[in-house]
Amino acid sequence: MSDIYDTIMDLAKRRGFIWPTAECYGSVAGFIDYGPLGSMMKRRIEDVWREFYVVREGYYEIECPTIGQEEIFIASGHVKGFSDKMCQCPHCREYLRADHVVEGAGITGASAMDAAELARRLRDIPCPSCSEPLGEVGVFSFNLMFETSIGPGSQRKGYLRPETAQGMFTDFSRLLRFYRDRLPFGAVQIGKSYRNEISPRQGMIRLREFTQAEAEIFVHPEKKDHPRFSRYSGYRMPLLGIRQQQEGSPAVEMTMQEAVDAGVVAHSFIAYYLALTHDLLVTIGVKPERLRFRQHLPDERAHYAMDCWDAEVYSERFGWVETVGIADRTDYDLRAHEKQSGERFSVFIPYPAPRREKRVRVVPRMGALGPRFRDRAKRVAEALEASAPAEGGISVSVGGEEIFIPPDLYEIREEEVEVPGEEVTPHVIEPSYGIDRMIYAVLEHSYAEEVVKDEERRVLRLPPRIAPIQAAVFPLMNRDGLPEIAGRILEDLTTFGIVAEFDDSGAIGRRYRRQDEIGTPFAITVDYQTPEDGTVTLRDRDSMEQVRVPVRDLPALIGSLIRGRTTFAELKSP
RNA sequence: GCAUCGAUGGUCUAGUGGCAUGACUUAGGCCUUCCAAGCCUAUAGCCCGGGUUCAAUUCCCGGUCGAUGCACCA
């Protein structure tokens with residue numbers, strides 16, 4: 001079967017976008033190399049992402065290690081939750097998910113069972129693969145994280161991070177200080193993450209090492225209105241909400257304001273990033289008609305997430321592929337790290353005016369407590385202060401012992417205190433992008449074949465700002481001084497920061513085709529008119545049309561075309 | 001991971017127990033005044049390891065990668 005995926009990957013391999021890794025040793029599934037054009041394109045896509053998130057949103061980028069110590073991933077739940085309990089059938093040697101087999105036999109609650117319990121239940125269940133009773137099988141954990149050790153003699157366990165997000169959480173206190181103790185703020189990270197997939201099959205769709213671009217935006221739990229929501233409130237796009245999925249009805253098109261008002265989206269922070277993501281994906285070359293936003297169903301949502309949407313991109317080979325996830329993760333991550341690290345991850349929110357609060361508290365009479373309890377007096381006093389006020393004596397527990405404190409050893413004091421504000425654990429809004437999947441989607445969506453004069457023309461209609469090579473310069477003939485002029489034009493362009501290529505080999509048509517196939521949006525041809533009046537032809541990749549422009553305008557003009565400030569159509573008919 | 005099938009220059013492909021086809025691409029040259037034209041020349045290949053054999057790209061075993069189904073996964 002040869003479909004568009006094969007066509008795209010063949011082109012990507014031939015022309016230097018994407019290669020199987022380390023082919024001389026036989027590649028390994030789930031790992032890829034980005035070739036010269038692929039690396040260039042990947043960086044341009046990352047830069048568009050930075051423009052949206054860092055420049056426009058003001059969420060600065062940080063860069064954390066890809067190896068993290070064990071505690072990070074104990075806290076995040078990956079050590080426990082990211083591992084599957086597996087067993088191997090002794091008869092057919094098939095690897096099976098132990099909990100799935102047990103559930104499949106009609107026993108509920110298997111996912112909560114431990115290894116011993118699962119092994120006991122498995123004994124009488126037939127193997128779903130070969131139907132033999134499983135008998136005595138060992139149940140072991142397969143963790144999707146790559147494990148490593150830090151330092152000599154493996155004293156300290158480490159994992160390759162399975163997501164970039166944890167870095168923003170572990171740096172929370174530093175980030176809060178950096179943003180001068182105010183909500184909301186955010187930080188982003190673009191980098192590699194690793195998951196030791198059991199059997200990655202779908203080429204660059206499921207990788208063991210992949211690039212993520214994630215933003216963690218810390219917001220006040222009760223103020224989930226994006227301060228700049230108006231920018232996207234009128235943005236219209238199709239949403240496939242929980243209701244549409246349950247009813248089997250198609251996505252509904254609505255503005256973000258309508259989505260928030262109708263309660264389809266939990267709040268405007270989520271809605272804002274749905275729209276921003278749509279905007280971003282279309283900017284890099286995803287076709288809007290092959291893009292949809294699907295809300296997670298309650299049972300597929302992580303237990304802590306209160307709302308979660310996926311941007312799914314349609315691929316002819318793979319169907320709808322999750323490419324971006326946008327979730328309200330509440331305070332789950334910060335709480336988890338608080339628990340693991342013992343540090344407090346909160347923001348002090350001052351009240352508009354300090355509140356006066358009446359407080360009743362227990363004040364120990366140390367003069368009486370001291371002689372009575374001697375070396376335990378301090379701990380008794382602390383326990384007493386922490387306990388609820390009561391008139392007729394209080395029971396406290398010290399060192400495992402229950403002690404009754406009669407009323408004469410303390411007094412109950414009513415006092416009025418000024419409370420300037422409160423400690424709040426922020427909620428986290430997390431847009432998380434799979435860069436590699438975005439790259440594949442853009443390649444598939446921008447690829448086109450058409451017939452021009454009985455000859456097949458293959459063209460990547462990449463947005464100019466994504467194209468790896470931005471302009472090509474050709475002398476029409478390889479003589480009469482034309483190559484020299486073309487060489488000078490090339491230098492003008494590259495000096496201006498434009499990535500341009502010179503090509504004088506073969507017929508002019510062949511050179512245009514070569515550039516079409518790698519998505520170069522503009523080609524400049526030096527012809528016999530150039531030495532006479534200082535103009536060249538500028539050819540547009542998509543329409544194959546040409547205009548004559550002065551050589552001296554080229555750098556600024558190409559720069560403006562790449563940035564989308566000018567369009568080729570405007571040059572055609574000013 | 002299991003099962004089935006496959007792997008020949010960069011790409012597509014013919015074929016074989018004993019010199020490995022052809023086309024396209026690429027490079028150099030000739031020609032050529034705007035969309036893969038033509039001619040000449042050159043470069044480049046049997047996935048890896050082991051076995052059988054005088055001799056293995058070919059047959060056998062193991063592995064790697066890829067496709068498909070199952071399982072797994074976002």
Side-chain angles (χ1 to χ4, degrees), chain A residues 1-3 5-7 9-11 13-16 19-31 35 82 84-89 91-101 104 127-130 142 144 162-163 193 195-203 205-208 210 212 294 296 300 302 308 310 312 317-318 320-325 432 434 436-437 450-459 474-480 482 503 505-517 523-530 536-541 543-546 548:
Chain A
M1 178 189 71
S2 179
D3 61 12
Y5 174 82
D6 295 316
T7 310
M9 291 317 282
D10 172 56
L11 184 146
K13 263 188 251 177
R14 270 189 298 113
R15 303 307 307 270
W19 294 322
T21 191
E23 279 182 289
C24 64
Y25 292 110
S27 314
V28 186
F31 295 97
F82 225 53
D84 296 324
K85 295 205 176 60
M86 310 221 13
C87 62
Q88 190 181 23
C89 172
H91 313 289
C92 66
R93 297 181 53 224
E94 175 86 322
Y95 282 98
L96 305 158
R97 273 283 293 267
D99 52 342
H100 286 199
V101 175
C127 168
S129 175
C130 68
F142 178 81
L144 258 9
E163 59 175 25
S193 293
R195 293 179 193 177
N196 199 1
E197 299 285 356
I198 296 170
S199 156
R201 277 275 197 84
Q202 299 129 337
I205 296 295
R206 241 174 93 213
L207 294 169
R208 286 181 167 132
F210 53 101
Q212 285 186 306
R294 192 179 69 78
H296 275 204
E300 91 187 282
C308 185
D310 285 345
E312 297 181 328
R317 163 76 71 96
F318 304 110
W320 290 102
V321 177
E322 176 201 335
T323 304
V324 182
S432 167
D436 312 87
R437 289 181 174 186
E450 54 193 39
V451 175
V452 179
K453 290 192 185 164
D454 293 333
E455 195 76 53
E456 188 183 67
R457 171 183 188 243
R458 285 183 298 239
V459 53
F474 309 142
L476 182 61
M477 288 298 134
N478 200 2
R479 58 174 187 231
D480 305 322
L482 301 188
D503 189 357
S505 138
I508 190 82
R510 172 187 297 274
R511 288 179 257 164
Y512 286 140
R513 292 293 187 277
R514 270 203 278 260
Q515 297 299 331
D516 288 342
E517 201 182 27
I524 294 146
T525 300
V526 175
D527 59 16
Y528 284 94
Q529 200 180 319
T530 310
V536 291
T537 62
L538 176 64
R539 181 251 196 193
D540 173 52
R541 174 198 66 201
S543 62
M544 296 171 60
E545 290 185 352
Q546 294 177 312
R548 279 209 91 81

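Just so we're on the same page: letters track the sequence lines, and every chain starts at 1. In this text, all values refer to a predicted model and were calculated from it rather than measured experimentally.
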Peer 1: If you take atom types as modelled and just measure distance, does the side chain of A:Arg511 reach the base of B:rC35 with a donor-acceptor pair under 3.5 Å?
Peer 2: no

Peer 1: So A:Asp516, base contact, sugar-phosphate only, or nothing? Heavy-atom distance under 4.0 Å.
Peer 2: nothing

Peer 1: Under 4.0 Å between a side-chain N/O of A:Arg457 and OP1 or OP2 of B:rA36, yes or no?
Peer 2: no

Peer 1: On RNA chain B, check which nucleotide each of A:Arg458 and A:Asn478 is closest to and give me the residue with the more 5' one.
Peer 2: A:Asn478

Peer 1: Checking side-chain polar atoms at under 3.5 Å, does A:Asp10 have a donor or acceptor matched by the opposite partner on A:Thr7?
Peer 2: no

Peer 1: Can you tell me the Watson-Crick or wobble partner of B:rA27, both distances under 3.5 angstrom?
Peer 2: B:rU41

Peer 1: Answer with base, sugar-phosphate or nothing: what part of the nucleic acid does A:Arg14 contact at a heavy-atom distance below 4.0 Å?
Peer 2: sugar-phosphate

Peer 1: Among B:rU32, B:rA37, B:rU11, which nucleotide sits nearest the side chain of A:Arg510?
Peer 2: B:rA37

Peer 1: Hey, does A:Glu456 reach any base, or is it just sugar-phosphate, or nothing, if we go heavy atoms under 4.0 Å?
Peer 2: base

Peer 1: If you assign A:Ser505 and A:Tyr528 each to the RNA chain B nucleotide with the nearest heavy atom, which residue ends up on the more 5' nucleotide?
Peer 2: A:Ser505

Peer 1: So, is A:Arg15 near the phosphate of B:rU11, with a side-chain N or O under 4.0 Å from OP1 or OP2?
Peer 2: no

Peer 1: Could you pull out all residues at least two apart from A:Arg206 that satisfy salt bridge (Lys or Arg N to Asp or Glu O under 4.0 Å)?
Peer 2: A:Glu197

